[in-house]
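Worksheet for the structure shown next.
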Amino acid sequence: MEEPRSLFPLLALLLILVGSTSAQAPRVVVDSNSNLVVQASPPNNVSVFAALLLNGQPLASYTQKQEIENALGDMQEMAAALSTQFSTALSEVQTSLAQANARLAVLQPLLDQYCANLTTSMQLVQQLGAVVASGLEFFQIQNTSYLFLADADSSLSSTLFRLDLTRALGDQWVADQSNMASSFNGEYFALPATTTPAPLASTTSATTATPPPPTQPTAGIPTQNHFLAIAKSDGTGVDILRFNSSRATGTQWVLEQALPLDGPSRARFFSITSGNSTSNNVTTNVPSTTTYYLAVAVTGGVFATVTPGNLTLFRFEPSRAPGSQWVAEQIIRSDGVLDCVYFFLDGTSYLALTNEYRIDSSGSASPQANSTILRRDPAARVGSQWVLDQTLPTSSAMALEFVQVGNTSFLAVANNHAAAANDNVYNISSTIFRREPWRAPGTQWVAEQDIPTNGAQSWQRFELAGETFLAVANLNGNNTAIYHFSTTRSAGSRWKLVQRIPSSNPSAFSFFTVAGTAHLAVADQGSPSGRRTPTRIYRLTPSAVLACWVS
């Protein structure tokens, strides 16, 4: 009875592979008659045996029992030699690994100590005024850098600092304008200065008209108007200040328009242009189809008393007289709303809102309040274009941050506390959500990762040397935690804790770059006992930071 010929080539190749470990390695060639031939120099039993199998012939017609036994014996000897080689190689690898681990054991404490002192490597360059800081806003006007420090204590005032590089390091940020209203945040934005375009040349046909050349800025006339919207912490509304360069330093920001509101907590600027959008706070040379908005989170009452809240959207109307150009366009009910963020994805504008609490049927406030994502429907009538897109499970959410890494979108939500009234009420995770655009609308945002936090107050995204980071302010944990994003880590663990910076009730951040140097400003609200602490400005050195933060 013949053996199954379909197995002969496979067995032949196995023999060739085993034989290749010896000095008499067989190989397969094609002879002049287009037949496969196994060659070995000198010929051995294995090569002969493989040739018979490769040609698919019954073994009994070519070999004797002794020849088969000899070939099998050769195979056993080769297998033994191969086993010895593998054992030797494995032993060498294990020895090398042990040596590497020994070296790492020596170096790791040094690296740990280096990373533990990273706040020193970050270089604390300056501390700004002891206040109850609730917000930071960095911006630049021409070649001058500013940092607005919002003070939530209604008995004090917010301060605008200006960077003076002619002064010594540690004293470069100087108060530019003080006695500004106490506030929860300040939002800088710029609008194109109103100009009168040159008239078209006289022509007989509109189709042959040649447009005028671009109008060049006139010396001394700004191409932008600069504004600062301040959400006042006394609960009376939002002040919109306008920069007037003709005034003396320290008095250049003057009130342009007051928006009366009951308990504003945050003001956010954004613009939408002809179906496209930009979330850049500085908008230059935009077409007339651009619409500017100011979204104000209105908690309701002073310091978030239990009253219904809303998100009020104001639209800029350039045709109106200065002082009345911001008009309310839509009011959206949202209990306990504290913050909002605008983003634009796949041709659609969105607004995400955080809700600190919800009012239940008994009129009581519960921290178990879902946060919401609104979607803009441009086909709807003005005043009702923003509609609910999705809700996100959150708990006393204070703030959120939109993050775009490559083609992946994230929303980081700061959960402040849980419903239970105990000592661990603030030990609650904050969630980073990821958008899955292939899912049905209303279900696209899914939980990506839960981050352990302690009374989270805010998030700040920043990039350093091409890497993406998120900083979270743990108000009750007295530290700022920094997380690094990596695509090499699996989903659910892509954001890795890389550093904690000691702080006293941190509340807000601002990341900025001046003269090519990166900085991170951390605002503190002070201790529960009432001790006020300064806002700290750190200088980040990429080589020092990345040595410990990227892995």
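Starting from 1, each residue takes its place in the sequence as its number. What's counted below: heavy atoms across the whole structure, side chains too, no hydrogens, waters or symmetry copies.
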Any side-chain heavy-atom pair of L156 and S182 under 4.5 Å: no
T394 side chain to S371 backbone, donor-acceptor under 3.5 Å: yes
Measuring from L241:CG to D239:CG, what's the distance to the nearest 0.5 Å? 6.0 Å
Using the rule given for side-chain contact (heavy atoms from CB on, under 4.5 Å), can you reason through V382 versus E329, listing the C-alpha separation, both sets of side-chain angles and the distance that settles it, and then say yes or no? CA-CA 7 Å; V382 174; E329 178 179 281; 3.6 Å; yes
Okay, side chain of D164, backbone of Q172: is any donor-acceptor separation there less than 3.5 Å? no
Using a 3.5 Å distance criterion without hydrogens, assess whether the side chain of Q177 forms a donor-acceptor pair with backbone atoms of L160. no
Using side-chain heavy atoms (C-beta onward) and a distance below 4.5 Å, is E401 in contact with V341? no
Roughly how far, to the nearest 0.5 Å, is CG of N478 from OG of S504? 5.5 Å
Does any non-hydrogen side-chain atom of I537 lie less than 4.5 Å from one of L147? yes
Is any side-chain heavy atom of V514 closer than 4.5 Å to a side-chain heavy atom of F138? yes
Side chain to side chain, T299 and F184, heavy atoms closer than 4.5 Å: no
Any heavy-atom pair between the side chains of T144 and D176 that's under 4.5 Å? no
Could you tell me whether the side chain of T391 and the main chain of T372 form a donor-acceptor pair under 3.5 Å? no
Would you give the length of the straight line joining atom CG of L313 to atom CZ of R376, rounded to the nearest 0.5 angstrom? 10.5 Å
Pairwise side-chain contact, F227 with W326, heavy-atom cut-off 4.5 Å (strictly under): no
Of all the heavy-atom pairs spanning S265 and L338, show the shortest one and how long it is. OG-O, 2.9 Å
Apply side-chain contact (heavy atoms from CB on, under 4.5 Å) to Y350 and L411, showing your working. CA-CA 12 Å; Y350 296 92; L411 270 177; over 6 Å; no
Look at the aromatic rings of W253 and F139 and report parallel, tilted or perpendicular, splitting at 30° and 60°. perpendicular
Nearest heavy-atom approach of S507 to Q457 is O-CG, 3.5 Å
Exactly one of N355, N370, T431, I373 clears side-chain contact (heavy atoms from CB on, under 4.5 Å) with L392, and that residue is I373
Can L255 and I240 be said to form a side-chain contact (heavy atoms from CB on, under 4.5 Å), step by step? CA-CA 6 Å; L255 180 64; I240 300 177; 5.8 Å; no
Under a 3.5 Å distance rule, please check whether S510 uses its side chain to pair with a backbone N or O of E137 as donor and acceptor. no
Evaluate the ring planes of Y342 and F270, with Trp represented by its six-membered ring, and classify them as parallel (under 30°), tilted (30 to 60°) or perpendicular (over 60°). parallel
Check whether Q390 reaches the backbone of W445 with its side chain - one donor and one acceptor, N or O, closer than 3.5 Å. yes
Show the numbers, then the answer: is there a side-chain contact (heavy atoms from CB on, under 4.5 Å) between M180 and F148? CA-CA 10 Å; M180 305 176 85; F148 177 77; 4.0 Å; yes
Test side-chain contact (heavy atoms from CB on, under 4.5 Å), reference F410, set R435, Q404, R494, output is R494
Does the E467 side chain pair with the main chain of H484, one donor and one acceptor, at a distance under 3.5 Å? no
Closest contact, heavy atoms only, H519 versus F511: O-CD1, 3.1 Å
For residues 473-484, the salt bridge (Lys or Arg N to Asp or Glu O under 4.0 Å) pairs (sequence neighbours left out) are none
Would you confirm whether Q325, through its side chain, and R320, through its main-chain N or O, come within 3.5 Å as a donor-acceptor pair? yes
Q252 to S245 - nearest heavy-atom pair and separation: NE2-O, 3.6 Å
Just by modelled atom types, is the I428 backbone N or O under 3.5 Å from a matching donor or acceptor in the T453 side chain? yes
Do you know which two heavy atoms are closest between N310 and V337, and how far apart they sit? O-CG1, 3.2 Å
Pair F462 + F509: ring centers closer than 6.0 Å: no
Have T290 and S271 got a donor and an acceptor in their side chains that come within less than 3.5 Å? no
d(R315 CZ, L294 CG) to nearest 0.5 Å is 13.0 Å
Do the non-hydrogen side-chain atoms of E356 and N416 ever get within less than 4.5 Å of each other? no
In Å and rounded to the nearest 0.5 Å, what is the OG to CH2 distance from S145 to W173? 5.5 Å
Where S409 and F402 come nearest, the two heavy atoms and their spacing: CB-CE1, 3.9 Å
Nearest-0.5 Å distance that lies between atom CG in L520 and atom CD1 in I482: 6.0 Å
Show me, pair by pair, the donor-acceptor contacts under 3.5 angstrom made by side chains of residues 468-476, not counting sequence neighbours?
| from | atom 1 | to | atom 2 | distance (Å) |
| --- | --- | --- | --- | --- |
| N474 | OD1 | N454 | N | 3.0 |
| N474 | ND2 | N479 | OD1 | 3.1 |

